[in-house]
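Note sheet for the following structure.
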Amino acid sequence: DVKVTQSSRYLVKRTGEKVFLECVQDMDHENMFWYRQDPGLGLRLIYFSYDVKMKEKGDIPEGYSVSREKKERFSLILESASTNQTSMYLCASSLYVRLDRPGNTEAFFGQGTRLTVV
Amino acid sequence: AQSVAQPEDQVNVAEGNPLTVKCTYSVSGNPYLFWYVQYPNRGLQFLLKYITGDNLVKGSYGFEAEFNKSQTSFHLKKPSALVSDSALYFCAVRGSGNTPLVFGKGTRLSVIA
């Protein structure tokens with residue numbers, strides 16, 4: 001079975017703290033993604049990565065950074081947590097899209113981390 | 001740029017009745033379309049996808065979706081709703097190439113016994 005694991009289900013952090021959210025996948029997927037989910041706004045892409053040590057900004061990268069040192073692990077870092085970063089964070093992974101297999105590319109999601117910044 | 005619209009924040013349906021959750025999309029090139037479901041305090045679960053071929057796609061838990069190119073729609077359907085189908089449903093689109101999924105804002109489905 002496909003598995004994406006996020007290290008914490010719930011986190012409470014203080015304003016100004018540096019926060020690490022970890023995500024591990026066991027499917028040998030090239031692509032990994034971090035989204036945040038807020039009521040009425042759906043899922044918004046923060047960062048994604050197509051390969052080790054590679055990253056691309058998504059729609060809302062401000063206040064975040066990422067690290068991908070190994071293929072299976074993609075970390076989201078809040079450099080200095082703020083209350084407006086209180087949210088549900090979802091990690092996902094998928095196969096790299098190739099012309100010969102355009103379809104086998106659905107993303108698989110972790111359980112989510114509900115982060116509260118106080 | 002890719003985008004997805006889910007025009008209904010909430011859909012209510014009686015158990016046993018057919019349900020439809022609407023989705024329209026905008027993308028350059030051929031669209032790759034997906035539906036996901038989210039139960040409370042959980043991640044997203046993949047339901048079904050349209051890549052190419054038949055416009056009617058069948059997925060998990062008895063759900064299906066119809067791709068309509070002229071109307072740029074990909075509505076999710078089920079012939080007979082169950083109370084256990086109550087959840088948050090997301091439509092997503094990806095264009096050609098290795099691009100991330102873009103999600104709609106979600107539609108909350110409530111099935112009433």
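This one's a predicted model, so the numbers in the text were calculated from it and none came from an experiment. Note on naming: letters A, B, ... go to the chains in the order of the sequence lines (proteins, then strands), and numbering restarts at 1 for each one.
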Q. How would you list, in number order, the residues of residues 33-50 of chain A that have a heavy atom less than 4.5 Å from chain B?
A. Phe33(A), Tyr35(A), Gln37(A), Gly40(A), Leu41(A), Gly42(A), Leu43(A), Leu45(A), Phe48(A), Tyr50(A)
Q.
Suppose the criterion is disulfide (SG to SG under 2.5 Å): which pairs have a residue in residues 69-113 of chain B, not counting sequence neighbours?
A. Cys23(B)-Cys91(B)
Q. Restricting to pairs with a member in residues 12-45 of chain A, which pass disulfide (SG to SG under 2.5 Å), not counting sequence neighbours?
A. Cys23(A)-Cys91(A)
Q. Is there a chain of hydrophobic side chains (I, L, V, M, F, W, Y, each step under 4.5 Å between heavy atoms) that links Phe74(A) to Tyr96(A)?
A. no
Q) Is the NZ atom of Lys71(A) crowded by more than 12 outside heavy atoms at less than 6.0 Å? A) yes
(Q) Would you say CG of Asn84(A) has more than 12 non-hydrogen atoms from neighbouring residues, nucleotides or ligands within 6.0 angstrom? (A) yes
Q | Ring geometry between Phe109(A) and Phe103(B) (parallel below 30°, tilted from 30 to 60°, perpendicular above 60°) | A | perpendicular
(Q) So which atom in Leu101(B) and which in Ala107(A) form the shortest heavy-atom distance, rounded to 0.1 Å? (A) CD1-CB, 3.9 Å
Q. Which heavy atom of Leu95(A) sits nearest a heavy atom of Asn98(B), and at what distance?
A. O-OD1, 4.3 Å
Q: Would you mind telling me which of Gln38(B), Gln45(B), Gln6(B) has the largest number of heavy-atom pairs within less than 4.5 Å of chain A?
A: Gln38(B)
Q: Side chain from CB out, backbone as N, CA, C, O: work out which of these in Asn31(A) comes under 4.5 Å of a heavy atom of chain B, or both, or neither.
A: side chain
Q: Please flag which part of Tyr10(A) lies under 4.5 Å from any non-hydrogen atom of chain B: side chain, backbone, both or neither.
A: side chain
**Q.** salt bridge (charged side-chain N to carboxylate O under 4.0 Å, His left out) against Glu62(A), all qualifying residues, sequence neighbours excluded
**A.** none
